[in-house]
Amino acid sequence: MIVILAEKPSVARQIATVIGANKIKDGFIEGNGYCVTWAIGHLVSLAMPDDYGFQSFKKEALPILPRSYLLLPRRIKKDKKFASDPGVLKQLKVIDSLFKSCTQIIVATDAGREGELIFRYIYQYLNCQKSFKRLWISSLTDTAIGQGMKNLREGSEFDGLFRAGHSRSRADWLVGINASQALTVALNDSVYSLGRVQTPTLGLICKRHMEHSSFKKKLYYQIDLLHTKDDVEFKSTSTEKWSDIKSAEQALKLLDKQEQATIEKVETKMIKEEPPLLFDLTSLQKRANEIFGFSAEETLNIAQSLYEKKFITYPRTSSKYIPKDLWTEVPNLLKVLSDSSKYRNYLLKLKLTRLKNTIVNDVRVTDHHGLLTTDRLPSALQVKEESIYHLIAQRVIESVSESCFKKQTEIELTISNLEFTFKSSSIIELGWREVRAELSNFDQEIIMDLPELKESDTITISKSKTVEKSTKPKPLYTESTLLSAMENSSRELDDKSLQNVLKDIGIGTAATRASIIETLLKRGYIVRKQKSLCPTEKGLKVYEIVKDKLISDVLLTAKWESAFKDIEDGRVDMEIFHRMIEDYTTEITSELLSIKSSDESNDLSCPKCKRNTLQIRDKVVKCLNSECNWLVFRNVCEVTLQIRDINNLIENGRTELLQGLQSKTGKKFDAYIVLKEDFTTQFEF
């Protein structure tokens, strides 16, 4: 009997259908000599400090550096304590029984670092010694599964992938556990969460927010001229920028009597725009956020659903290319798309024998190739699934279409010794942009096509005016731009000389960046404001405390991602890297424990007992004098009291007007909070 272990029940069912297993049992599907069972994500993970006998949140116990790492079944929180998940224990018992009785094990967890880790942790926890083979596929179509089963790979081929996953898991454990506990112990006013990737990511968001908030815009002025030639209106702008309106208006007076301008220079160049490459996960998430406002996690979940329904290839990919041997399949995929009325008209124009093959690059294909559609055309998709499928299908068609050619013209003209310029673009051959023009209702490029102009020509000035403009700060991060910053973290370095050396090094991976953003949201460190990601008061506090500490070093975190790849490829020894992480953990723990609490309460006396013993926590403001125990909750009717509100309440007896308070019935209202004579609080309307 052969056992196949999939990552999810839904995938197990698809594999079972292909191999002819159809008897549904408790925790597996049996038939045709196979038993197909499943994990439910990470059934087994690294044990927590208490399991090793370490006392959590004790200064003397830090840093926590286990000599070896225990694996334990996943836990759930019950009655404020963690206990093993009964469902997990039950499924592990099923897998254990099947492993013991089988003649062969086939690993069919997701074909990537985390999928490999899920299987190997189960395998090690169950102390299984049997050899195993690997089903390595990029699509869940019947054809892909069938071919994969005929071409099973030796499990040992993926030892490097497991070593990389295990190294990542241990590094995140060491840094996350120790840094979080060290900061919590040092500040002693709340529970804090720090992490190898989440803290540098928080730093990116906070730094951009502070730059944006402190930016002082500078006004400047330019002159715009409106021209008409051959019944076409267009605008030119002065190259000079004046810092004050008077100087600009004086320059404008010189032009008042001018009716024509002379063209001094015409520069025309042809621009070739190659078709875009296929989506990898990050570029798909960015595009979906820009167009539809989907979060990175939402896009990943939708793409995973499309994958499990067999409509797209494996979504957790970091490559935008396909291998050479897959190129022959592309015309077939396009023929499948042509069965849809949405794509048929354009695909009829596309010469399938003359497809552009810029997406073919064996060297640039990582564990998985770029996102492709499959030989199954979807029907009855949900609205959001349809949106993501359409993005992927459109990109597949664009990627094999012809190049786009544009003519770009830049004009310079002078009037009264003042220089003006304008640019125009015209498309000579649409190429791949014809796909976007026909298939997109969004994102259309505006092209301005000017009349024929040449040097020494004169053009009419129909109107002139001064225009006030201002310098602008870098915009706040959206999920799209944050994903770019994480993917290209070297661009965020102030040292320009390091940027080229470290280009293409990112923090996190395509598969994990969405979960990092969600973690920061869950921790209360950031919030979504429309499309922007903004830090909360707590997030800014953590950033200010750790911004100059090693835990926030974007560069170091990015280098580690490269190290995991080197471990996978056998260029770096896993244990040497682990000792380096332990040294780093010891250093950051010592650094964080040495932090002195800024203790925002030092300037605040308790209004009741009149001592400097107020402590401001995330949820309460509390007097530490046990005989007094004065307390105010910070969350009042869905509004969080800020530090200035606490100050006003204690020093002035009332807050400023709080807006957007919400009653139990959901009704919004505005009110003051006032301190009564008995030191309790009440609303004042």
Side-chain angles (χ1 to χ4, degrees), residues 1-9 11-16 18-21 23 25 27-46 68-74 88-89 91-140 144-170 314 367-368 564 567-571 573-575 578:
M1 183 260 290
I2 298 171
V3 171
I4 300 176
L5 177 67
E7 190 164 320
K8 293 179 181 178
V11 177
R13 286 192 292 270
Q14 293 183 38
I15 293 172
V18 173
I19 63 173
K23 295 175 186 173
K25 303 283 186 173
F28 64 99
I29 306 169
E30 187 179 28
N32 200 24
Y34 292 95
C35 284
V36 187
T37 187
W38 52 82
I40 313 161
H42 285 272
L43 291 181
V44 176
S45 57
L46 298 180
S68 60
Y69 287 80
L70 300 174
L71 292 170
L72 290 177
R74 190 171 69 225
V88 166
L89 293 176
Q91 189 61 18
L92 281 171
K93 191 174 180 180
V94 170
I95 297 169
D96 187 29
S97 174
L98 292 172
F99 277 8
K100 284 175 178 173
S101 60
C102 73
T103 56
Q104 185 183 2
I105 297 170
I106 297 174
V107 186
T109 49
D110 281 357
R113 193 166 75 185
E114 288 309 297
E116 191 68 24
L117 193 66
I118 285 170
F119 163 70
R120 298 289 185 117
Y121 275 3
I122 293 171
Y123 183 81
Q124 288 185 4
Y125 174 74
L126 297 176
N127 198 26
C128 185
Q129 303 295 321
K130 292 183 177 179
S131 62
F132 53 88
K133 291 187 181 293
R134 193 56 158 104
L135 175 67
W136 190 266
I137 52 178
S138 289
S139 163
L140 286 176
I145 293 170
Q147 288 178 345
M149 289 295 293
K150 290 177 184 175
N151 296 285
L152 294 172
R153 297 168 67 175
E154 290 298 327
S156 57
E157 286 184 45
F158 302 93
D159 288 349
L161 193 63
F162 165 64
R163 285 193 295 269
H166 188 41
S167 297
R168 192 278 307 154
S169 181
R170 291 194 300 183
Y314 188 63
D367 291 340
H368 295 279
F564 296 143
I567 290 168
E568 180 183 337
D569 295 339
R571 293 190 293 269
D573 183 90
M574 179 175 78
E575 294 307 323
H578 184 64

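Looking only at side-chain heavy atoms (C-beta outward), E114 and L117 come within less than 4.5 Å of each other. The shortest side-chain heavy-atom distance between L152 and I106 falls under the 4.5 Å cut-off. Within the 4.5 Å cutoff, side-chain heavy atoms of F158 are placed close to those of R153. In this structure, V44 and L72 have side chains that are not in contact, with every pair of non-hydrogen atoms separated by 4.5 Å or more. Using a 4.5 Å cut-off on side-chain heavy atoms (C-beta onward), Y123 and F162 make no contact. Inter-residue side-chain proximity for I15 and V11 is flagged as met; some heavy-atom pair is nearer than 4.5 Å. When side chains are defined from C-beta on, I105 does not count as touching L5, because their heavy atoms never get closer than 4.5 Å. Residues V3 and L98 form a side-chain contact, since some pair of their non-hydrogen atoms from C-beta on lies under 4.5 Å apart.
Considering every non-hydrogen atom in both S101 and M1, the closest pair reads OG-CE, 3.4 Å. The two atoms that bring A12 and W38 nearest to each other are CB-CE3, 3.6 Å, heavy atoms only.
Atom CZ of R163 sits about 10.0 Å away from atom CG of L161, to the nearest 0.5 Å.
Of the candidates I4, V94, V36, F28 forms a side chain to side chain contact (heavy atoms under 4.5 Å, CB included) with just one, namely V94.
With hydrogens and angles ignored, the 3.5 Å screen pairs a side-chain donor or acceptor of K130 with a backbone N or O of K100.
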Go through it in stages, so that I can follow the logic: the residues are R113 and F564, the test is side-chain contact (heavy atoms from CB on, under 4.5 Å), and I'd like the CA-CA distance, side-chain angles, deciding distance and then a yes or no. CA-CA 10 Å; R113 193 166 75 185; F564 296 143; 3.4 Å; yes
Carefully, step by step, assess V88 and I40 under the rule side-chain contact (heavy atoms from CB on, under 4.5 Å). CA-CA 8 Å; V88 166; I40 313 161; 5.7 Å; no
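Taking the six-membered ring where tryptophan is involved, the planes of H166 and Y69 are perpendicular, since the angle between them exceeds 60° and thus also 30°.
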